[in-house]
2 protein chains.
Amino acid sequence: MKKQSTVNTTGLCKTRILAIKDTMEILSGKWKFHIIGTLLLGGKMRFMDLLREVDGIAPKMLSKELQDMEINQLVVRTVCNTKPITVEYEITEYGSTLAPIIDEIANWGISYRNALLKKESTVQG
Amino acid sequence: MKKQSTVNTTGLCKTRILAIKDTMEILSGKWKFHIIGTLLLGGKMRFMDLLREVDGIAPKMLSKELQDMEINQLVVRTVCNTKPITVEYEITEYGSTLAPIIDEIANWGISYRNALLKKESTVQG
DNA sequence: GAAACTAGTTACCTCCAGGAAACTAACTCG
DNA sequence: CGAGTTAGTTTCCTGGAGGTAACTAGTTTC
């Protein structure tokens, strides 16, 4: 008999792995976190606003990422009857449930940087 | 005067964006979450154990990902003086601080799936 | 000495995420 | 009519993530 998996074979674990996969797929790509973070801060924002706020993103990518996020019901897209037609993007109530994840990730990153700095200053050489 | 950024320009926000970037870079790639999740459950594990547990991963990728994670001090690698030489990988105390993030992500994924199912069963057509 | 275990490494290939830049299309202003 | 605004779309291109498979190298067992 060959050795077999002993850790990842329970149903609970498979569900977890699947769930992580789901979330990471929805948040995949280079820009989703930035866009969501910006929308969480900025509320309703127009396409050009986002293009200016999300540092470095090209219109193609912004458009694509927003479409993805609209499909996944993380943002709503509203066309406004203004004269040069404008489009508002806003994070949905559902999308805002991602805030805790983003907070955790941001906090971890911050403490990671702090830990690095601490080590550099205490361990010399 | 052109319109300028108004949301993402504060120092606090830049720190957050940087922090998110840091974290996501450290957790980048297809396999980190699986490996960390598996190590969190399994404790000390050898290379071949991980190869068996992490479903679908190739030795090349496992090796590379483990090296990344060792550099970032998320795991420790210990060579054991056993007869066919074995190597143990274990998550560090520091690496285990990622657990809350992984939990959040897993829980979000689970509730996402539940929400999808609920909608499918209530909204007909 | 062949097979099977340990832990990887190396070489080759492929696909696609994402960047750059130009373009569409409707409208306004001078 | 030309320039500038809005919100995108289209085309072309490249780097690198990740897959496959073979190979190294040491040890044990039959």
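Atom set for the values below is all heavy atoms of this structure, side chains included, hydrogens, waters and symmetry mates excluded. Just so it is clear, the structure is predicted and the values come from calculations on it, not from any experiment. Reminder, nothing fancy here: chain letters follow the sequence lines and each chain counts from 1.
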Testing D/dG19, D/dT6, D/dG8 for proximity to the side chain of B/Trp31, the answer is D/dG19
**Prompt:** Between the side chains of A/Tyr112 and B/Asn72, is a donor N or O closer than 3.5 angstrom to an acceptor N or O?
**Reply:** yes
Checklist line | Sidechain N-carboxylate O distance under 4.0 Å for A/Asp103, B/Arg16 | finding: yes
Please set out all donor-acceptor pairs under 3.5 angstrom arising from side-chain atoms of residues 34-44 of chain B, sequence neighbours excluded.
from: B/Thr38; atom 1: OG1; to: A/Asn8; atom 2: ND2; distance (Å): 3.0
from: B/Thr38; atom 1: OG1; to: B/His34; atom 2: O; distance (Å): 2.6

In numerical order, the residues of residues 56-66 of chain B whose heavy atoms come under 4.0 Å of DNA chain D are B/Ala58, B/Lys60, B/Met61
In terms of heavy-atom contacts, B/Ser96 and B/Ile91 come closest through N-CG1, 4.2 Å
When rounded to whole Å, the CE to C1' distance for the pair A/Met24 and D/dA17 reads 15 Å
Atom CG of B/Asn81 and atom C1' of C/dA7 are separated, to the nearest Å, by 15 Å
Whole-Å distance, A/Phe47 CZ to D/dT5 P, equals 15 Å
To the nearest angstrom, the CG-C1' distance between B/Asp68 and C/dG8 comes to 15 Å
Re C/dC16: Watson-Crick or G-U wobble partner, both distances kept under 3.5 Å, found to be D/dG15
A/Met48 CE to D/dG8 P, in whole Å, measures 11 Å
Taken to the nearest whole Å, NZ/B/Lys83 to C1'/C/dA4 is 16 Å
Quick test of your reading of the model: are A/Lys32 and A/Glu65 salt-bridged, counting only N-O distances below 4.0 Å?
yes
| side-chain N/O B/Arg46 vs C/dC5 OP1/OP2, d < 4.0 Å | no
Whole-Å distance, A/Ile35 CD1 to D/dG8 P, equals 12 Å
Assign each of B/Ile85 and A/Lys30 the nucleotide of DNA chain C bearing its closest heavy atom; nearer the 5' end lies the nucleotide of B/Ile85
B/Gln67 side-chain N/O to C/dG8 phosphate OP1/OP2 under 4.0 Å: no
Rounded to the nearest 0.5 Å, the CD1 atom of B/Ile105 sits from the CG atom of B/Leu98 at a distance of 9.5 Å
In whole angstroms, the gap separating C1' of D/dA7 from CE of A/Met45 amounts to 15 Å
For B/Glu104, the salt bridge (Lys or Arg N to Asp or Glu O under 4.0 Å) test, sequence neighbours excluded, returns none
